Structures are given as structure tokens and as C-alpha cells.
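These numbers come from a predicted model, not from an experiment. Lettering of chains follows the sequences in order, A, B, ..., and the numbering in each one begins at 1.
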There are 2 protein chains.
Amino acid sequence: MNSKEPRPHTGRRRNEAARRAILDAALGLLADADGAPVSVETIARAAGVGKQTLYRWWPSKGAVLLDALTDRAAQDVPVPDTGSLRRDLRALATATFRASQRPPAAPALRTLVREAARDPHLADLLRTFTESRRADLRRILQRGRDRGELPADRDVELLIDQFYGFFWYRFLLGHGPLDTPTAERITDSLLGWAGAAEGPQESSTAATASISTS
Amino acid sequence: MNSKEPRPHTGRRRNEAARRAILDAALGLLADADGAPVSVETIARAAGVGKQTLYRWWPSKGAVLLDALTDRAAQDVPVPDTGSLRRDLRALATATFRASQRPPAAPALRTLVREAARDPHLADLLRTFTESRRADLRRILQRGRDRGELPADRDVELLIDQFYGFFWYRFLLGHGPLDTPTAERITDSLLGWAGAAEGPQESSTAATASISTS
DNA sequence: TAGTTACCGAGACCGGTAGTCTCGTCAAGA
DNA sequence: TCTTGACGAGACTACCGGTCTCGGTAACTA
């Protein structure tokens, strides 16, 4: 028949409180146990919920964890558009580093990556997440190139991977700082530490002397 | 008593064939199942060996995997010392990228990192491995700085993390090339793309002129 | 040759996990 | 009141890392 007609919903509705309880419990556990894996049993128990309720709404444990994390940390890193490439990049770096450092994001994200290492489902989700961040940075760089702030022959993909590679490397290994001075230094390193402050720095030789101060 | 005297070895000796069989089986499984986890059972079965034999000689599964990988890929990336920073860095990048791409290293290393994400023991081993690579690069950069090829105010640790961060990011995500042109581009990007090919590109440091000829 | 020692393959076993399935219950609409 | 589907609870399967035990066997010693 015309089963196209979506049969009106009957029966008990989804319990929104349970959804929130699951996400909250997941985020809390992600944040607490730094590095230690978070089990489904633990999440369900902490949320006061049956495992089946969890699997009814999410396809895997990884999906729950990612959902719990992005649920809050979504808009922590806005994409700047100030009209200056260097300022945009510096702002993005600063916001990214800062968001990655303050709890509960830091331990949660670390645990999430560890889980992704053995959960292909979660790995996929995480890949699309990072790809969207890469796309944000790509837009920033291309705007800058259109304005002539970036030489046309610089490899944008290379720059993107240098930035996020640096970030993830330091974030996951945790052997070096990810603070505001670092954000400025990585910006200068990517765009050319010569002529850092402002103005086109061409004529490679000339500008160097003036700025290397800061 | 003088138990200091090491009692001469008695009893059956270690079976070298079993050792090799285990390492070969481990490497083969690491290489075959890209990303898929490798279980101890599988290794033991493939090597025709009891699990206990494996645990008699290695403290954990991760140790076996790392041993299997470094057993062969040890000296694939020699540390260059040509007298030119740019040439050294380019050589290191090229060798690193090349070694990471050719089988069986590539899938095996990827699997190894995934295993390390949930095996703290293996994570430690892998950390010391990467730290030694970082130390190699640090020496190269410091030699270059001593020769005046690198401005004294450039952050060496930042450069190291930019390089290896970029490498691991591309290697693990696999979304961009790690070939020879990329090795040259990342070198130029780190050392300054201006005046990349030849000639001194800045006036600030006098020494630069004399050596960068390559 | 006989005895001792320690490695060998095999596999049972333990604790823990992801995901499935079933049960009796409960809320929302017809 | 009856149907539907979500709910909490937890048993269950399948798998894995790591431990333990077993009978057998190679290498060395007396």
C-alpha cells in the first residue's frame, strides 16, 4: 500500500532525561579516567540506565563517546575572519590550544582517540570531525592567499597538516606546551617568521631584520 | 654463600627457531591485517608455538610486536651529517617518509600505534623509540644552528614537533602523500621557503651566506 | 647411562569487554 | 482498555590478554 505515509508514532516516547544522563555520564567518565578505557557497562551504570537503552540510540560505544564530547565542545573553537591571515591563524591556534587544554576536554579527547584506535566505527566518526576542522583552516588559508598574504605557490594542504599535525602530536604525547606563546610561534613559523607583525614581507632579505624582535 | 658465582646453565636451551617463528609470524600478521588488532593467540598459532613460550621471553604482546618491527626496520633511517642543514633535513625527511611507506613497515607500524593506544606498556616502548628519533633531529638542527644556518631565536623543539607531527599525522590518517617532493617541501617550509634552492636568503646572520650553498 | 634442569606445545582457566537478547514494566496514544 | 514501543535489569555469547598447569623433551652433568 501507500506505506509512504509515515505511520503516526505510538507507544512510549524516548526519554530525554535518559539521553542527557547517558551523555553526561559518558563525558564525566571520559574526563575522569585519563587514558583508562571507558566501558559501556560503566556508562550505563553511572547513568542509571540499561545497556539496551544505550544501544537503542547509538550504534556503538564510540558513537556515544564522540556524541558526549562534541555535544559540549562544539562551538569552543569558532572560525575567525578578521581580514588578516596572520590574525586569523593566531586566533584559531590560540582557541584550539586553549580548548584542548581545559578540562574536561583534554582527558576526554585523549581517551576518545585511544578508543578510536581500536574502534573502526569511532575512527570514522573522528576522521570526519578532524576533516571539518581541516576544512575550516583551509578556508582561512585560502582567504589569505586570495588577499595576497600567502604566496600562491605555498602548499595549503602542507600547511594544514603542519598545523594540525603539530597540534595532535603535542596534545597526544604531552611533552611540550600548547599555550598562547606557542600559538603565536607556530603561526609565525607557518607564515614566515620574517615580517611577522604586519605588511607583506616579500623581498625575502629586506624584512627580516625589522621584526625578529618580538 | 658465594652465590655470586653464576650457576652454569643447565637444562634445555632456548629454541632459536621458535623465537624467529614468533617474530616472523608477528610481523606478518602486523603487515597483513592493516589496522585490525593482532591477538596473542593468533601469533602463537601462526608460529606453531604455545602462548607460554611467548610470555616466557616477552613481557607483553606489545613488546613482541615492537620487537618484531624494530628487528628489521632498525637502521632504515640513518642520521645524515653532510655539513648542510638543509641537505641533512631533506635527507632525513626523505628517508623517514620512504621507510614509512614501503611494506611491511607501513601497515605494521600503523597497527603498532593502534595497539599502543590501549597498551601502556607498548606506549612506553614506543615513546622511547620516538624520543630517540626526536633526539636525532635535534642534533641535526643544533648543528645547523651552530653553523649559523638557523637563526638563534628559532624554537628548535617547535621545529622538531612540526616535522614529526606532520609526519605522524599524515602517516596515521593517510590522507596526503609522504613522498620525495613532500619531503623537499616540508624541509623548505621549516627552514624558510624563500631562497630555498640556493643562496643566502637573509642578511640578519652573516654566517648564513658561506655555507648554505649546499 | 642416568639424572637434573628448564624450555617446549597445548590448552584450560580467569577476569574483563562489546554487543545481543529476553524479561517484566511502564508511559503514551487510539 | 488495548496496543505499541521505550524502559531498567541483567543473562548470555564471543573474544581477548595474561596466568597456570600438564606431559614431553632437549641439553647438560655426574
Is there a donor-acceptor pair closer than 3.5 Å between any side-chain N or O of Arg147(A) and the backbone N or O of Gly83(A)? yes
Of the listed nucleotides [options], the one nearest the side chain of [X]:
| X | options | value |
| --- | --- | --- |
| Gln52(B) | dA6(C), dG17(D), dC20(D) | dC20(D) |
| Arg56(B) | dG18(D), dC28(D), dC8(C) | dC8(C) |
| Tyr55(B) | dC16(D), dA6(D), dG18(D) | dG18(D) |
| Ala18(A) | dC7(D), dA18(C), dA28(C) | dC7(D) |
| Lys51(A) | dG10(D), dG18(D), dT17(C) | dG10(D) |
| Arg12(A) | dA18(C), dA6(C), dG5(D) | dG5(D) |

Could you tell me whether the phosphate oxygens of dA6(D), OP1 or OP2, come under 4.0 Å of any side-chain nitrogen or oxygen in Thr53(A)? no
With a 4.0 Å limit, can you tell me whether Trp57(B) has a side-chain N or O closer than that to the phosphate oxygens OP1/OP2 of dA6(C)? no
Quick one: [X] [atom1] to [N] [atom2], roughly how many Å, whole number?
| X | N | atom1 | atom2 | answer |
| --- | --- | --- | --- | --- |
| Ile22(A) | dA9(D) | CD1 | C1' | 14 Å |
| Arg13(B) | dT5(C) | CZ | P | 15 Å |
| Asp119(B) | dC16(D) | CG | C1' | 13 Å |
| Arg14(B) | dT25(D) | CZ | C1' | 18 Å |
| Trp58(B) | dG17(D) | CH2 | P | 16 Å |
| Arg45(B) | dA10(C) | CZ | P | 8 Å |
| Leu54(A) | dC21(C) | CG | P | 16 Å |
| Ile43(A) | dG16(C) | CD1 | P | 18 Å |

Assess the side chains of Ser189(A) and Arg154(B): does a donor N or O sit below 3.5 Å from an acceptor N or O? yes
Val64(A) near the nucleic acid: base, sugar-phosphate alone, or nothing, with a heavy-atom cut-off under 4.0 Å? nothing
Fit a plane to each ring of Phe166(B) and Phe97(B), take the angle between them on a 0 to 90° scale, and name the class: parallel (under 30°), tilted (30 to 60°) or perpendicular (over 60°). tilted
Let me know which of Arg139(A), Arg87(A), Arg143(A) forms a salt bridge (charged side-chain N to carboxylate O under 4.0 Å, His left out) with Asp81(A). Arg143(A)
Evaluate the side-chain proximity of Asp161(B) to Arg134(B): yes if any heavy-atom separation is below 4.5 Å, no if none is. yes
